[in-house]
**Q** 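Before I ask anything, let me first share the structure, which is written out below as structure tokens.
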Amino acid sequence: MLTYQIRPRVFHLENEASLVFPSSGMVCFTFGPLQPFGMEPGGGKTVVKAAKVLFNANTGAHTIESKDPLKPLDVELVEPNRNIRLDGNSLTIQQEFASNEELTNLIQCVYYGLPPLLNVDFADPPIIERVDGEIGKTRFRWELAVCRTDFLTTTQEKQEKSFAGSWERIGLLSVPTNTRIFAALHFYYVAVRLQRQSTIAGEFLPEMILNLSKSLEVLFPPAGDGKTINAARRGLEALEFSGVEIEADYIPAMALRNEIDVAHVGLGLFSPEQLVLIHGYVQRAENAFRELFKRLLVKVENNQFTVEPYTRGSARPEAVRVVERLAKYSSRYPL
């Protein structure tokens, strides 16, 4: 369930100090977005009656701004062993901490558990953007232990050449028999978009894996045996990827999709070492698939590779029946 969001984290301390337990302490969680916490009037879908709607007719994106917006939320809860105070988008918890483990457990409980609970009643799903606090007189920040960064270097000439090349390839997508190429590019595009839009480490990794797997499945449909992974292997070999590249960079997307909380629910826990392997693969997969599509497009252009054609037709009868069942209830919810 949290396979992709649980990352190694550490307490970064100020002035090379140390955390001493037992000790009284304070933990602060900073939430976003700001609108549902009464910290700004617009930017989301939280409204107090009279309001104006901001609609982008190009993208379909829309937000709402209250005429009399929320004031900063002000909630105070007193429990036998702790005090909880929400001031705007800042949640502060004060209590006595017996150990590092107790402090860590509290942080993880709030960090992973409170946003999904708030999402039930809040129109704008909250996230926790920062966790910091103080134990005794020692300030700390709860942050990722390791953060990998990936960039794609370019030049003015290369960037402009890439645009011109993409424009020239539009014709490939208009060929009816290249439907599979168009679909595969779309799935890869969605995977990269999800990565760029995420604000929490691992937030959309399952959906990224699912779309990477779909791109392979649609490019390399299975033969009569119905084995999609073997079909992908054969297609990648035809594109002249080595056996090591195939097994290290591409097949894991399909294997993870099938087995690890992507297309199917998984509540099992993995060890920290296993999580590192999973996260490491997903982080490097984007560039591997980018290389796949570069090679594919060049070879298709030069008639060195042919994707199995697909002729567009009506949706499968089973799918149509599912959609038609919606008509039984759709009258309750006019479009």
Side-chain angles (χ1 to χ4, degrees), residues 1-34 36-39 72-122 124-149 198-205 261 266-280 283:
M1 180 177 62
L2 292 173
T3 300
Y4 303 98
Q5 289 194 31
I6 294 179
R7 303 297 182 99
R9 290 181 177 265
V10 295
F11 291 109
H12 285 164
L13 310 179
E14 294 183 356
N15 303 323
E16 299 183 356
S18 60
L19 298 180
V20 178
F21 299 95
S23 181
S24 61
M26 173 271 293
V27 185
C28 181
F29 301 85
T30 303
F31 286 91
L34 296 178
F37 293 93
M39 299 299 289
L73 300 190
D74 185 0
V75 180
E76 186 165 7
L77 305 171
V78 178
E79 298 180 351
N81 299 317
R82 64 170 65 102
N83 290 340
I84 301 100
R85 175 70 190 279
L86 178 67
D87 183 7
N89 65 322
S90 179
L91 171 67
T92 301
I93 300 175
Q94 294 182 314
Q95 69 174 73
E96 184 83 12
F97 291 97
S99 64
N100 188 303
E101 182 180 10
E102 184 178 7
L103 172 63
T104 301
N105 287 342
L106 171 72
I107 291 175
Q108 291 180 339
C109 179
V110 175
Y111 187 85
Y112 296 116
L114 190 54
L117 285 170
L118 289 172
N119 180 57
V120 176
D121 289 316
F122 279 28
D124 297 284
I127 61 170
I128 294 177
E129 299 178 337
R130 186 174 69 251
V131 181
D132 55 14
E134 186 174 88
I135 297 297
K137 295 184 178 180
T138 302
R139 297 286 307 176
F140 69 83
R141 302 187 309 276
W142 190 67
E143 299 175 333
L144 292 168
V146 178
C147 184
R148 172 177 171 170
T149 57
S198 64
T199 55
I200 301 171
E203 185 173 8
F204 299 128
L205 284 195
D261 194 26
L267 301 180
L269 299 177
F270 292 92
S271 70
E273 294 76 17
Q274 292 167 335
L275 290 175
V276 167
L277 291 172
I278 295 171
H279 299 158
Q283 288 173 337

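Heads up: numbering here begins at 1 and tracks the sequence.
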**Q** Calculate, to the nearest 0.5 Å, the distance between atoms CZ and CG belonging to Arg85 and Leu77 respectively.
**A** 10.5 Å
**Q** Taking the side chain as every heavy atom from C-beta outward, state whether Pro126 and Phe37 have any atom pair closer than 4.5 Å.
**A** yes
**Q** Flag yes if more than 12 heavy atoms outside Glu101 fall under 6.0 Å of its CD atom; otherwise flag no.
**A** no
**Q** At what distance, to the nearest 0.5 angstrom, does CD of Glu14 lie from CZ of Phe140?
**A** 11.0 Å
**Q** Provide the closest heavy-atom pair for Ala145 versus Val10 in the form atom of the first, atom of the second, distance.
**A** CB-CG1, 3.7 Å
**Q** Taking all heavy atoms of Val20 and all of Ile135, pick out the closest pair and write down the distance.
**A** O-CG2, 3.7 Å
**Q** Just by distance, do the side chain of Ser198 and the backbone of Phe204 share a donor-acceptor pair under 3.5 Å?
**A** no
**Q** State, yes or no, whether a side-chain contact exists between Thr138 and Phe11 at a heavy-atom distance under 4.5 Å.
**A** no
**Q** Side-chain contact, heavy-atom cut-off 4.5 Å: Arg82 with Leu106?
**A** yes
**Q** Do Arg9 and Arg141 come within less than 4.5 Å of each other through their side chains, counting heavy atoms only?
**A** no
**Q** Find the distance between OG (Ser23) and CD (Glu96) and round it off to the nearest 0.5 Å.
**A** 6.0 Å
**Q** Under 4.5 Å between any side-chain heavy atoms of Gln108 and Trp142, yes or no?
**A** yes
**Q** Any side-chain heavy-atom pair from Leu19 and Phe97 closer than 4.5 angstrom?
**A** no
**Q** Kindly give the heavy-atom pair with the smallest separation between Pro115 and Val110, and that separation in Å.
**A** CD-O, 3.3 Å
**Q** When rounded to the nearest 0.5 angstrom, what is the spacing between CD in Glu134 and CD in Gln94?
**A** 9.5 Å
**Q** If you take all heavy atoms of Leu275 and Phe270, which pair is closest and at what distance?
**A** CD2-CB, 3.9 Å
**Q** For a 4.5 angstrom cut-off between non-hydrogen side-chain atoms, does Glu76 reach Asn83?
**A** no
**Q** So Thr92 and Asp87, side chain to side chain contact (heavy atoms under 4.5 Å, CB included) or not? Walk me through it.
**A** CA-CA 8 Å; Thr92 301; Asp87 183 7; over 6 Å; no
**Q** Determine, step by step, whether Met26 and Arg139 satisfy the side chain to side chain contact (heavy atoms under 4.5 Å, CB included) criterion, reporting the C-alpha distance in whole Å, the side-chain angles of both residues, the deciding distance to 0.1 Å, and the verdict.
**A** CA-CA 9 Å; Met26 173 271 293; Arg139 297 286 307 176; 3.5 Å; yes
**Q** First locate atom CD1 of Ile200, then atom CD1 of Ile128, and finally report the distance between them rounded to the nearest 0.5 Å.
**A** 8.0 Å
**Q** Strictly distance-based, threshold 3.5 Å: is any side-chain N or O of Thr30 a donor or acceptor partner for the main-chain N or O of Glu129?
**A** no
**Q** Work out which heavy atom in Pro72 is nearest to a heavy atom in Gly88; give both atom names and the distance.
**A** CB-CA, 4.0 Å
**Q** Quick check for you: to the nearest 0.5 Å, what is the distance between Asn89 atom CG and Ile127 atom CD1?
**A** 10.5 Å
**Q** Closest heavy-atom contact between Cys28 and Ser90?
**A** SG-OG, 3.1 Å
